[in-house]
Amino acid sequence: MNYNYLRYFSVLAQLEHYTLAAARLGISQPSLSSAIHQLEEELGDVRLFEKVGRNIRLTEEGRYYQEKVDAALKELNEASITLRDSRTSAPVIIRLGVVSGTLDSTVAKEILSHIRQNSRIRFRLTESSAEELMDLVREEKLDMAIVDTTNRDRSLHFRRLGQANFCVALPEAHPLCQFAVLTPQQIAREPQIVFNYDIENSFGQWASGAPVEEQIVCTVNTAGAARSLVAEGVGICVMSEKCALPRPGVVFRPIENWHQAFYMCILYDKWLEPPVWGFVESLVKRLRNAQ
């Protein structure tokens, strides 16, 4: 059913005069006549108007239809006003993905800054592996993601943000605490608490020698959980230095010549609402300046 035909009918039913109705609607009289004729055909050749001399008037069917159409148009108009008005106050959800264990104070400060600047903004954070986050960006379930790897998928766009040095969190009584700096070879065979992403070849790559069989005893999603497990002696954990916050029972030691690069991942040709795009640009700038 053509919405305009219903609107034309409503005005014509009110005025019962083609010339006056066409003038009010801003269309030609032939266009109005054609629209009413097509509407009557769609209704099964029901006659909505009848001629009375040079004028017209509603038929009994027309009066019944006018009541229903006017009620429907009123509801549609009210719904349109509600949606238009709510547009200025509805929350804007920014869906941000972050590689597990790398959410730090720099990102948190940018989130806080945007919340303070715009009360409509809400954040939905997802921690996962880089591959899963990139899949979520492709599926448009995330607006953006901070990842630690790139690929050749041309549907995705990557902007380098910088890099972070790594350290290892140790129980305070661990023998490795005696060393000021640790090598990958020293930690490769220790029981590992790892973040929730694939590190299948990581220690072999770090050690630059024969592949080492890791002893992964637990996976976690947050650095806080990892520090708590380390404090209880469950194992050691490799993490970004930015996540090395003081924790009773935990000692942090840097890892020799090892760091992690980070990238902002977004979908090519994806339109983002201005507040969302503004957050992307501000976050990229803040993270680059923090290096």
Side-chain angles (χ1 to χ4, degrees), residues 96-116 123-130 132-133 145-149 161-200 202-203 205-207 212-263 283 286-291:
L96 170 65
V98 182
V99 167
S100 297
T102 60
L103 182 63
D104 63 12
S105 61
T106 305
V107 178
K109 287 176 181 177
E110 192 60 36
I111 290 174
L112 178 60
S113 173
H114 276 259
I115 291 174
R116 286 177 171 174
F123 284 88
R124 184 177 299 155
L125 299 181
T126 300
E127 275 195 296
S128 189
S129 67
E132 183 174 343
L133 293 176
I146 299 174
V147 297
D148 58 354
T149 186
L161 302 174
Q163 66 184 41
N165 295 323
F166 268 73
C167 67
V168 58
L170 304 161
E172 61 182 356
H174 197 285
L176 290 179
C177 290
Q178 65 181 301
F179 299 98
V181 179
L182 297 175
T183 65
Q185 295 90 333
Q186 287 177 293
I187 64 175
R189 289 187 174 86
E190 295 291 329
Q192 301 283 331
I193 299 163
V194 300
F195 293 102
N196 189 25
Y197 58 92
D198 184 15
I199 61 165
E200 181 179 353
S202 59
F203 289 124
Q205 293 168 352
W206 293 355
V212 178
E213 183 178 351
E214 300 95 13
Q215 300 182 46
I216 300 174
V217 295
C218 186
T219 59
V220 296
N221 284 332
T222 66
R227 291 191 296 267
S228 296
L229 291 168
V230 170
E232 296 301 322
V234 175
I236 69 172
C237 182
V238 175
M239 62 178 63
S240 166
E241 285 185 345
K242 294 181 178 182
C243 297
L245 303 179
R247 172 67 162 80
V250 179
V251 174
F252 297 97
R253 291 289 182 266
I255 303 174
E256 184 179 77
N257 297 325
W258 203 74
H259 62 267
Q260 182 180 35
F262 290 102
Y263 307 86
L283 182 58
R286 185 186 285 267
L287 288 170
R288 286 177 173 176
N289 289 340
Q291 296 300 307

So which heavy atom on [X] is nearest to which on [Y], and how close?
X	Y	answer
S128	L133	O-CD1, 3.8 Å
V168	I236	CG2-CD1, 3.9 Å
S240	C167	O-SG, 4.2 Å
V147	T149	CG2-O, 3.2 Å
A180	P254	O-CD, 3.3 Å
C237	I193	SG-O, 3.2 Å

- Task: Check step by step if side-chain contact (heavy atoms from CB on, under 4.5 Å) holds for R227 and L245.
- Result: CA-CA 9 Å; R227 291 191 296 267; L245 303 179; 3.8 Å; yes

- Please list, chain by chain and in numerical order, all residues satisfying side chain to side chain donor-acceptor pair (under 3.5 Å) with S105, sequence neighbours excluded.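 Checked S105 against side chain to side chain donor-acceptor pair (under 3.5 Å); zero matches.
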
Just verifying a value: how many Å separate [X] [atom1] and [Y] [atom2], rounded to the nearest 0.5 Å?
X	Y	atom1	atom2	value
M239	I255	CE	CD1	10.0 Å
Y263	Q163	OH	CD	9.0 Å
T106	R286	OG1	CZ	7.5 Å
E127	I146	CD	CD1	10.5 Å
L283	R288	CG	CZ	10.5 Å
D148	L161	CG	CG	11.5 Å

- Message: Between R253 and L170, is there a side-chain heavy-atom distance shorter than 4.5 Å?
- Response: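 A side-chain contact under 4.5 Å exists here.
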
Look only at the side chain of [X] and the backbone of [Y], and say whether a donor-acceptor pair between them is shorter than 3.5 Å.
X	Y	value
Q192	I187	yes
Q178	P175	yes
E132	S129	no

